[in-house]
Undergrad: 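Quick one: the structure is below, questions incoming.
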Amino acid sequence: MNSFLEIHPQVQLALQEGRPVVALESTIISHGMPYPQNVETALAVEEVVRDGGAVPATIAIMNGKCYVGLTAEQVELFGKARDVWKVSLRDIPYVLTQNKAGATTVAATMRIASMAGIAVFVTGGIGGVHRGAENSMDISADLTEMAQTSVAVVSAGVKSILDIGLTLEYLETKGIPVVTMGQDAFPSFYSRESGYETPLRLDTAAAVAALLHSKWQLGLEGAVLIANPVPAQYEVPASQMEAHIQQALQAAAQQQVKGKEVTPFLLQYIAAHTKGESLAANIALIKHNARTGAEIAKAYAAVKKLI
Ligand code: PSU
Ligand code: MN
C-alpha cells in the first residue's frame, strides 16, 4: 500500500469487497462555498451517496497524506480553515511534503481516487478552457487529467465562466467521451442548456456503466465526462448569469488575477453577486449529481461482478 495514501477503513473494506464507492472533491468545501453551507453540503452529499447504496470517499490532503474518506470532524475542519491550499495535480507533492492542508481539484481528486481504486467521482463543475484562452493559455489541468486517468466524472456540465465550445473541442481532441444523462442539450451548470448539443447521450446508469466497462476493458484509458443537468426547479437562466459572468471577468482583468487564482476568483465573485439563488442551485445540483453518481457506481460494480 502506498504510504502517502490514507484510506478510510470503510472505504477500504468496500473496495476489497467490490462494493460501490463514490469519490468526492474537497475544493468545493474550501473554495467553492461559504461556511457553514459548505460543511452542511459536504456532509449532506455524503449522506445522499450512502442513501444511494454506495460508500462516499471525500478526498483531501493533510498531515503529509492523501486522505481517501474523511470523518465528519475532518470535513468541518476543511470547511472552517482559511489557509487551505488549492491542490491541482502539480501541487500534490508540495502540499504533502510541506504538511499543508490541501483541498483537491477535479484533476487531483481524480488521480488520488484512481490510486485508491475508485472508478466513479462526483463533483459540481469541472475546470476547462477559459474564455480568452487563445491569449492566456489558461486551460485547466482537469482536462489533461481526464485524458489519462480512468475515472468517471459526474458533473452538472461546464460553467459558463469558461468557453464551453472550446472546452468541448478540447475534450474531443483528448479522446474523452462526453455523455449527457437524459437529454440532447449539453448543460452549463446553473442551466440545463448551453447552446451546444451533447456529443453523446445516455438515459440510464446501466448504459453508462456498460460504456465505462467497454472503454476500460479495451485499454482505452482516461475519463468519461458525465453531464447531469441541474433539476429544472433550481435552474438559473443563462441570460441572468451572463451579466454577472461579464462583470466577474472584467473585475478579474482589472485586478490582474492570474494563474490558479482565476477560477476561485470568478466563482466567488459570482457567488457573492448572485446571493442565495446560485448557492441554492449549486447545493441542489451537487446532491443530484451524488444521487446519479451512486447509481452509476452501483451499476458499474454490478457489471464487474459478472466477469
Ligand atoms: N468550476 C466550478 N466549480 C468548482 C471548480 C470549477 O464550477 O468548484 C473548481 C474545481 O475544483 C475544479 C477547479 O477542479 O475549480 C478548476 O480550477 P482550475 O481552473 O484552476 O484548474
Ligand atoms: Mn487555470
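Starting from 1, each residue takes its place in the sequence as its number. Every number for a ligand or one of its atoms is a count from 1 in the order of the listing.
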Undergrad: Among Val153, Val151, Leu211, Ile296, find the residue that satisfies the side-chain contact (heavy atoms from CB on, under 4.5 Å) test when tested with Val224.
TA: Leu211
Undergrad: Is there a side-chain contact between Thr274 and Val236, using heavy atoms and a 4.5 Å cut-off?
TA: no
Undergrad: For atom 14 (O) of ligand 1, state which one of Asp142, Ile270, Val153 supplies the nearest heavy atom.
TA: Asp142
Undergrad: Taking 4.0 angstrom as the limit and counting only heavy atoms of Glu25, give me the atoms of ligand 1 inside it, by number and element.
TA: 10 (C), 11 (O)
Undergrad: Answer yes or no: does an N/O atom from Ser88 fall short of 3.5 Å to an N/O atom of ligand 1?
TA: no
Undergrad: Is Ile61 close to Trp85 at the side-chain level, that is, under 4.5 Å between some pair of heavy atoms?
TA: no
Undergrad: Say whether Lys86, considering both its backbone and side-chain N or O atoms, lies within less than 3.5 Å of an N or O atom on ligand 1.
TA: yes
Undergrad: Backbone, side chain, both or neither: what part of Thr263 comes under 4.0 angstrom of ligand 1, heavy atoms only?
TA: side chain
Undergrad: Checking Arg111 against Gln148 for the side chain to side chain contact (heavy atoms under 4.5 Å, CB included) test, could you report, in this order, the C-alpha distance in whole Å, the side-chain angles of both residues, the deciding distance, and whether it holds?
TA: CA-CA 9 Å; Arg111 182 67 71 93; Gln148 56 183 357; 3.0 Å; yes
Undergrad: Pairing donors with acceptors under 3.5 angstrom, does anything connect the side chains of His130 and Thr263?
TA: yes
Undergrad: For ligand 1, indicate whether the residue Thr27 contacts it via side chain, backbone, both or neither (heavy-atom separation under 4.0 Å).
TA: side chain
Undergrad: Please state which part of Asp138 comes within less than 4.0 Å of ligand 1, counting heavy atoms only: side chain, backbone, both or neither.
TA: neither
Undergrad: Measure from the Mn ion (ligand 2) to every N/O/S atom of Asp138 and report the name of the nearest one.
TA: OD1
Undergrad: For Val106, is at least one N or O under 3.5 Å away from an N or O on ligand 1?
TA: yes
Undergrad: Considering non-hydrogen atoms only, spot the tightest contact between Thr167 and Val129 and give its length.
TA: OG1-N, 3.0 Å
Undergrad: Should Leu267 be listed as contacting ligand 1, given a heavy-atom distance under 4.0 Å as the test?
TA: yes
Undergrad: Give a yes or no on whether Glu242 atom CD has more than 12 heavy-atom contacts from other residues, nucleotides or ligands under 6.0 Å away.
TA: yes
Undergrad: Should Lys159 be counted as touching ligand 1, given the test is an N or O pair under 3.5 Å?
TA: yes
Undergrad: Grouping I, L, V, M, F, W and Y whenever their side-chain heavy atoms are under 4.5 Å apart, do Val208 and Val21 come out in a common cluster?
TA: no
Undergrad: What heavy-atom pair brings Tyr234 and Val230 nearest, and what distance separates the two atoms?
TA: CB-CG2, 4.1 Å
Undergrad: Yes or no: does His31 have any heavy atom under 4.0 Å from an atom of ligand 1?
TA: no
Undergrad: Phe189 heavy atoms, cut-off 4.0 Å: which ligand 1 atoms fall inside?
TA: 7 (O)
